[in-house]
Number of protein chains: 2
Amino acid sequence: MIKSPTLLSCGDCPIRHNAVCATCDAAELAMLEKVKSYRTVAAGALLAEAGQPLTHLSSIVSGCATMSRTLEDGRRQTVGILLPSDFIGRPGRATSVFDIETLSEVTICRFERQTFETLVASTPHIATRLLSMTLDELDAARDWAVVLGRLTAREKVAAFLVSLARRQAVSSGKMVPQGATVLHLPLSREAMADHLGLTIETTSRQMTALRRDGLIETPSNREIRIPDFEALALEAADDDDGGLIA
Amino acid sequence: MIKSPTLLSCGDCPIRHNAVCATCDAAELAMLEKVKSYRTVAAGALLAEAGQPLTHLSSIVSGCATMSRTLEDGRRQTVGILLPSDFIGRPGRATSVFDIETLSEVTICRFERQTFETLVASTPHIATRLLSMTLDELDAARDWAVVLGRLTAREKVAAFLVSLARRQAVSSGKMVPQGATVLHLPLSREAMADHLGLTIETTSRQMTALRRDGLIETPSNREIRIPDFEALALEAADDDDGGLIA
DNA sequence: CGATTCATTGATTAGTTTCAACCGCAGTGG
DNA sequence: CCACTGCGGTTGAAACTAATCAATGAATCG
């Protein structure tokens, strides 16, 4: 399950400019360098479990994971898709509130909780960045509440593809997807359904419907081509214009 | 709409120990005192509008408000119920992402954005407290996603009453509601429905059903008596035990 | 007292879930 | 080599939950 990590210096780190360390200067990076450690985990692993102690805080360096909660009777809701530069764990709380499960092989950059909390307290660059990231996540979580509470199944699926396309566009440099876009789906239909508050079947049907209507093409199950991004965004009913407000 | 504020010193402030200023010392309070101003607004006022500039950040001192978004076609989702000590506005962003609407007469303690952001940068006690509050809100937003995505109408209504009872218990000193509890509903059925992702009619029917089943009593439309809090919590299916993890 | 607003209740409809079957593909072992 | 099995995904039919449409009741306010 846990593979030996590839050594990486912060300067070469792919999430150097997006993660919690984004605004750190050279001296601060040197401190982080001393206390960080990488870990690579196979797909399907539990990085954290609801109610269980979480000894390390970490950033996703590569790969994809979900944050979810499962009710006693088995109903599951995924409350977040974790992609590179996303943060795992909650400073100031010793146990995890959600399950964190890897969807692909995932490499994380981790810090022992106590060490990290000391660092936050003593390094304003990190504290400020953490606050900013947390505020962004809060906005995203509330945006998602609108999707879960008020959109139809078709709109939910469209909204999910649109949000994923936006995140992949951001992390690959170009800020906003436009016109034709190709999208790699890091999730199974089941994981999508868990995030959308739908069943697998409904999710699949809506994917089929979007394909039938020419809004998406599916070269393979995990690849989506969006011929006209704006048209798909329109299906999502969410009047979010891409979050360019900042 | 805007009434003349009652003068109040921070030491006497009802949210002194719960708001963003909770961990400030006397010197820090003195600084806040100089730059704060109170404002009291009638029920039904818009404190902020999605997409519009938000010049002040504030804390709710008394009263109740909702944070919501409305889609072009009129569908509305409330993403948060704001009660005393809750924070309004997002440091680092000049415009509001949501509508903030008062449900009752509301008094807020407000700070000009620039001033507050300077204060956050220079006062670790405020920055830390703000981070901690934001993290709590993030957890709450994600918890609510589970409600919106996976609970039935009956469970949603029960979950809402349970969460409101918990918040009112916390703010009135006792930490956890137990046995028989009386609850003041600051929201109309419509506001409840908007928060639950349901229609007014369904919300009303589920209230009736919970009353029929003896889980709640309704002396008036805005008053709920919960004879057995644990029984109601059980109806909510949400295995949250009250968030005592902190 | 009529008008208005908010809440409840009933009947019907629509959208999503549930139950079930089937397909395509990859891995496995006779 | 190829039937067998397991898994993820798709599709169909029936069941069910919540939404919609419509009417009534209760409370508040000029």
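Quick note: numbers below take in every heavy atom, side chains included, and nothing from hydrogens, waters or symmetry partners.
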Exercise for the section: Please state how far atom CG in B:L210 lies from atom P in C:dA7, giving the value in whole angstrom units. Expected result: 16 Å
Completion exercise
Taking for A:T203 and for A:R150 the nucleotide of DNA chain D with the nearest heavy atom, the one nearer the 5' end belongs to A:T203
Problem - Heavy-atom donor-acceptor pair, A:D99 side chain to A:A50 backbone, under 3.5 Å - result: yes
Practice task
Any pair with a residue in residues 76-88 of chain B that passes salt bridge (Lys or Arg N to Asp or Glu O under 4.0 Å), sequence neighbours left out, goes on the list, sorted by first then second residue, please.
Solution key: B:R76-B:E101, B:R76-B:D194, B:D86-B:R167
Exercise for the section: Determine yes or no for a side-chain-to-main-chain donor-acceptor pair under 3.5 angstrom, with B:Q168 supplying the side chain and B:H184 the backbone. Expected result: yes
Side-chain donor-acceptor pairs under 3.5 Å in residues 152-162 of chain B, sequence neighbours left out?
from	atom 1	to	atom 2	distance (Å)
B:T152	OG1	B:E155	N	3.3
B:T152	OG1	B:E155	OE1	3.2
B:R154	NE	B:E235	OE1	2.7
B:R154	NH1	B:D213	OD2	2.9
B:R154	NH2	B:D213	OD2	2.8
B:R154	NH2	B:E235	OE1	3.3
B:E155	OE1	A:R75	NH1	2.8
B:E155	OE1	A:R75	NH2	3.4
B:E155	OE1	B:T152	N	2.8
B:E155	OE2	A:R75	NH2	2.9
B:K156	NZ	B:L196	O	3.0

Exercise for the section: Tell me what A:R75 touches on the nucleic acid: a base, only sugar-phosphate, or nothing, going by heavy atoms under 4.0 Å. Expected result: nothing
Report, one pair per line, the protein and nucleotides 10-12 of chain C atoms (nitrogen or oxygen only) whose separation is under 3.5 Å.
from	atom 1	to	atom 2	distance (Å)
C:dG10	N7	B:R205	NH1	2.9
C:dG10	O6	B:R205	NH2	3.2
C:dA11	N6	B:R205	NH2	3.4

Exercise for the section: Would you check if A:F98 and B:D143 make a side-chain contact, meaning some heavy-atom pair closer than 4.5 Å? Expected result: yes
Polar pairs (N or O, both sides) under 3.5 Å between protein and nucleotides 22-28 of chain C?
none

Practice task
May I ask you to decide if B:A191's main-chain N or O and B:S188's side chain share a donor-acceptor pair within less than 3.5 Å?
Solution key: yes
Exercise for the section: In whole angstrom, give the distance that lies between atom CD1 of B:I216 and atom P of C:dA7. Expected result: 14 Å
Completion exercise
In whole angstroms, the gap separating C1' of C:dT8 from CD of B:Q206 amounts to 13 Å
Expected rows: protein N/O vs nucleotides 5-9 of chain D N/O, under 3.5 Å:
from	atom 1	to	atom 2	distance (Å)
D:dG9	OP2	A:R189	N	3.0
D:dG9	O3'	A:N221	OD1	3.4

Problem - Rounded distance (Å) that lies between atom C1' of C:dG15 and atom CG of B:L198 - result: 15 Å
Handout entry: Interatomic distance where CG belongs to A:D73 and P belongs to C:dT18 [whole Å]
Key = 10 Å
Problem - Min side-chain heavy-atom separation B:I15-B:S59 under 4.5 Å - result: yes
Handout entry: Short side-chain to backbone donor-acceptor contact, B:W144 and A:A141, under 3.5 Å
Key = no
Handout entry: Salt-bridge criterion met for A:E137 and B:R142 (N-O under 4.0 Å)
Key = yes
Practice task
Round to the nearest Å and state the distance from A:E155 atom CD to C:dT16 atom C1'.
Solution key: 14 Å
Handout entry: B:L196 CG to D:dA19 P, straight-line distance once rounded to whole Å
Key = 10 Å
Handout entry: Residues which pass side chain to side chain contact (heavy atoms under 4.5 Å, CB included) with A:T218, listed by chain and number, not counting sequence neighbours
Key = A:R211, A:I216, A:I224
Practice task
Round to a whole Å and report the spacing from CZ of A:R154 to P of C:dA14.
Solution key: 18 Å
Handout entry: B:T208 side chain near C:dT9 phosphate (N/O to OP1/OP2, under 4.0 Å)
Key = yes
Exercise for the section: May I ask you to test the B:V79-A:V146 pair for a side-chain heavy-atom distance under 4.5 Å? Expected result: yes
